[in-house]
Amino acid sequence: MTTTTSPGVVSAESSEGTAGLKLSGLQLRLISIVGFFLAWEISGHVPISPAFPTFSGTMMAMFEMIFDGSLFLAYFETLKPLLLGVGISAFFGVTIGVSMGLNKKSRWLWEPIFVVLQASPVAALIPLITYAYGIGITAKTVAVIILASPIIVLNTYKAVGNASPVLVQMSRAFQGTRMQEIWKVIIPNAAPVIFAGLRLGVAAGFIGVILAELLITPTGIGDIISYNRSIAKYPHMYAAVLSIIVFSAVMVGMLEKAEVKYFRPEKKRGQ
Amino acid sequence: MKVAGYEIPPVFSLLIWIGLWEVAGRMDLAFILPPFSSVLGELTTLIVRHDFLAAAWQTFQAFAIGMFFAITGGIALGFIMGTNKTANSILGMWVNIFASAPLSSVVPVLMLLFGLGQLTVVVIVVLFSIWIIALDTYAGVHHTSNSLKEMGRSFGANKTQLLFKILFWAALPEILAGVRLGLIRAVKGIVIGQLLLSVVALGRMFRTFSDNFQFEEFWALTLILFVFALLFSTLIGRLESKVEYYAGTRD
Amino acid sequence: MNKAIHMSLPDATTPTDPSANIVSVRGITKFYGSDVHALEDVNLDFPTGQMTTLLGPSGCGKTTLLKIIAGLLETTSGEVMVKGKAVTSPGPERAFVFQDFALLPWATVTRNVAFGLELTGVPLKEREAKAKSYIDKVGLSGFEDKYPHELSGGVRQRVGLARALAVDADVLLMDEPFSAVDEQNRRKFQEDLLHLLSVENKTVIFVTHSIEEAVYVSDQIVLLSPRPGRIHSIIRPELDRSSSPDDIRRDKVYLDTVEEIWGNIREYLD
C-alpha cells in the first residue's frame, strides 16, 4: 500500500495535511481487512501448506455451518459456561476486590494469592479439572473462573483502593456516613475500572473455555475445531477459528462502547 | 496486618493458604489435591530428574527465542503506530483484536502449519506476547508530551535523534510495563501451547502425570512454573520501578 | 530575627466578645507523623458575618488549619470552637469549598449542587428545588444538566460554591478556591463572591496565597509564618467597600496594604 509512506512525517500531529491520498481511518481499516483476506486467498491458492485452505473456501465452510445451524449450537454450548463463569467470577471477584480496597485485613489476606494467580499460568491446572468435575459444563465453568477471577479481583481492588481522596474528603466535609461514602462516592468512582476488569475477565475466560473444550471436554466451538482437524476438513476448522476471533473482537468492542456510554461521560465528547 | 505489635508483611498470608492446602490435602477432601508437603517432597526429586531438566531447558529456549522476537517486534510495531497516524489506524485495529482474542483457539491451526515441535511453541510465545508490548509501547510514545518533542526539534534534533534520544526514553516506563505483561502472557501461552501440543517438553510431562494420576508430580510441576513466572515478572517490575517516577498515567 | 512573636493588631477595637466570634481556635498545634511540625499554638477568632483570610507562603500550614476547622483533620493539641462548642468532626454549620472542586464526574451539575443535601437525607424534590435556586444565584442557569467535564475551571468552582451554599451552613470554608481558575475569570468570580456574600450573610474563612486576592476580599487577614505555622500578624484592610471594584483596586489603602504584606512575606522566601 503506497498510501502509508509520506516522507518527512515523524510526529503524529504533523501527518495532518500532508500531500497525497487522504483516507479516513475507517476506509484505511476496511482496505486493510480486504487486503488481509486477499493475501489469505492468494496464499491459499499457492498453496503454502496442504493444511492451509483459501479464504473463499473457509467462508463457504462458514456459511455452510451457519445455515445448517451447527455453528449456533456450538456457540450456545461455549457461551453458556463462559457467561456462567464470568458471572460467578464477577460476583465474588467484585465483592472480594471491594473488600480489599476498603479493608486492610482483607487486603493482607487476599492480595498476595491473587497476584500470584494473576502472574502464573493457572491454565496448567485445567487437565486436573476433569478428574474433579468430569467433562460437563461444570468443568468448563471452573476453567473460566480460574482464569477470569484474578484479573477481576485485582482491577476492582485497584479501582477501589485508589479512590479519589479529594472526593472522599468532600463526602466527609458534607457529613456523609461511611456507608454513603462507599456507595455514593467510592464505588461509582471505581465503576469504570471495575467494568474494564470485567471486560478483561471475559477475554481471559474465553481463553479458558476454548482451552477446556480443546483439552478435556470435546463440545462447543472447540469441538468443531478439533473434530474438523481430525478428519482434515480444514476449511471448516479455519472457519471456526476465524469466527471466534471475529466474535471476541465484536464482543470486546461492544463492552468498550458500553463502558464509555455508561461509565465515562467525560470520554464521550472526545470520540 | 499487626499481630502483637509486629507488622507482618502481606506475603505471609500465602502461608495461611498453603496451610489450608496442607489441611485439605491431609483430609483427602479432593483426590486431585495431595498435601502441600508431599508436593514439596516430590518437587525436590523432580527438579533433578533428567527428563525434567531437558524439558525445562527446551521450554526455556523456546521462551527466550520467542520473547526476543516479541520484544523487538512489539516495540518496533508500537513505535510505528505511535509516530505515524496512517499506520496506527491500520495496525491499531489488528493489534487490539489479537491482544484480547482467545488465542487458545489459534493453537490448533499453528500445530497444523508449523508442526508439533519447537517452532510452534516459539510462534505461540510471540503470538501471545507481542500485541500487549506493542500496545503499551504505543501508549508510551503517544503520551510523550508534545513540548518534549518540540523541544527536540527546536534544538535541531533529526529524526533518528528524536527517536533514540527522546521518544524511546520518554516511553521507557510504558515499554517495560508492556514487556512485563508480555512475559506473563508468554508464560501462560507456553503452558497453553504445550498442554495442547502434549508431545513436547513440559506439555508431555503434564500429560503423563495427569494420565497416570501422578498428582504430586503434577502439582510440583505447576508450582515450578508459578515460581518461574513470579520471578520473571518481579525482576522486570524492579526494573520498571526505577523509571516509574516519570511514567505517564495509564490504566 | 524572631518575627513570629511580633503581633501587630492595627485595629485595637477588634471584637473579643465570644458571641461575636462564630469560630474560635485555641492553642492549635499539629504534627504530621513525628517530625513534620505544621502548626504551633495558633489562637484565632473569626468574627460572625465577616470574611477572614488565611494568608502565607507555601508550607505555613494554612490549608492544614482550614481542614482542622472543617473537622477533616485531627489536631495534635488544642481545640476548635464553633458557636461556643468544641468540634472534632464536620458539622452542618460548616461547608467546604475545595481547591480542585471535588465534583463527582459522573453526576450532573444539579446532582453535584444537591449532593450535600442528598447526604443529609433531604428528599429528592426538595433538594433539587434548592439546588436550582443556588444554581441561579451563582450564575449557572442553563448548566443544570451538564457534567463537570463539559465545564471550564471557573464554572466548576461555581458549582462547588453552590453546593456549599445549598446546605445552608453559617460558615463557609474556602481552600484556595480560585487557584485553578484563570486570571480573568478569577477577578469576575471574586466580585461575584463578594456580592453574593453581602446578600447571604455568611462567615467566610478563606485560604489563599495571593496577596492581592486577600486584600481585595477580606475584612481580616491572618498572616501566617512558615515551619511551623504561627500567626505572624493580623491585618484589617480599611477599604471602602461601597466603591466599584475597579476603584478599590486603585485605592491607596488597597495598594499600601498589599505592599505591607509583601514586605512581611518576602523575608520568609530567602
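Every chain is numbered from 1 and lettered A, B, ... according to where its sequence line falls, protein lines coming before strand lines.
Proximity to chain C among residues 177-184 of chain A is limited to Q180(A), K184(A), judged by heavy-atom separations below 4.5 angstrom. Of residues 138-147 of chain A, no residue lies under 4.5 Å from chain C by any heavy-atom pair.
If you tally non-hydrogen atom pairs under 4.5 Å between each of T120(C), L117(C), L103(C) and chain A, the highest count goes to L103(C).
Side-chain polar atoms of S149(A) and S89(A) form no donor-acceptor pair below 3.5 angstrom. No side-chain donor-acceptor contact under 3.5 Å links T108(C) and D145(C). Neither side chain, T110(C) nor E144(C), offers a donor N or O lying under 3.5 Å from an acceptor on the other. Checking T208(C) against E176(C) by side-chain atom types alone, no donor-acceptor pair falls below 3.5 Å. Residues Q50(C) and Q220(C) have side chains that never bring a donor and an acceptor to within less than 3.5 angstrom of each other.
Applying side chain to side chain contact (heavy atoms under 4.5 Å, CB included) to V122(C) and the options E118(C), E126(C), K125(C) leaves one that passes, E126(C).
By the salt bridge (Lys or Arg N to Asp or Glu O under 4.0 Å) test, R158(C) pairs with D192(C), sequence neighbours left out. Applying the side chain to side chain contact (heavy atoms under 4.5 Å, CB included) rule to L44(C) yields the partners V25(C), V42(C), F46(C), L54(C), L65(C), V222(C), I231(C), I234(C); only residues at least two apart in sequence or on another chain are considered.
Between Y75(A) and F247(A), the ring planes are tilted. Angles from 30° to 60° get that label.
To the nearest 0.5 Å, the span separating CG on L211(A) from CD1 on I126(A) amounts to 4.0 Å.
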- request: Check the pair K132(C) / D136(C) against salt bridge (Lys or Arg N to Asp or Glu O under 4.0 Å), numbers first and verdict last.
  value: CA-CA 6 Å; K132(C) 174 72 184 122; D136(C) 293 343; 2.8 Å; yes
task: May I have the step-by-step check of side chain to side chain donor-acceptor pair (under 3.5 Å) for S99(A) and Y157(A), ending in yes or no?
output: CA-CA 8 Å; S99(A) 85; Y157(A) 159 55; over 6 Å; no
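Contact of P148(C) with chain A is not made at all, since no heavy-atom distance falls under 4.5 Å. Only the side chain of F115(C) comes within contact range of chain A, judged by heavy atoms closer than 4.5 Å. Within the 4.5 angstrom heavy-atom criterion, atoms from both the backbone and the side chain of F96(C) approach chain A. The contact between S171(A) and chain C is made by backbone and side chain atoms together, counting heavy-atom distances below 4.5 Å.
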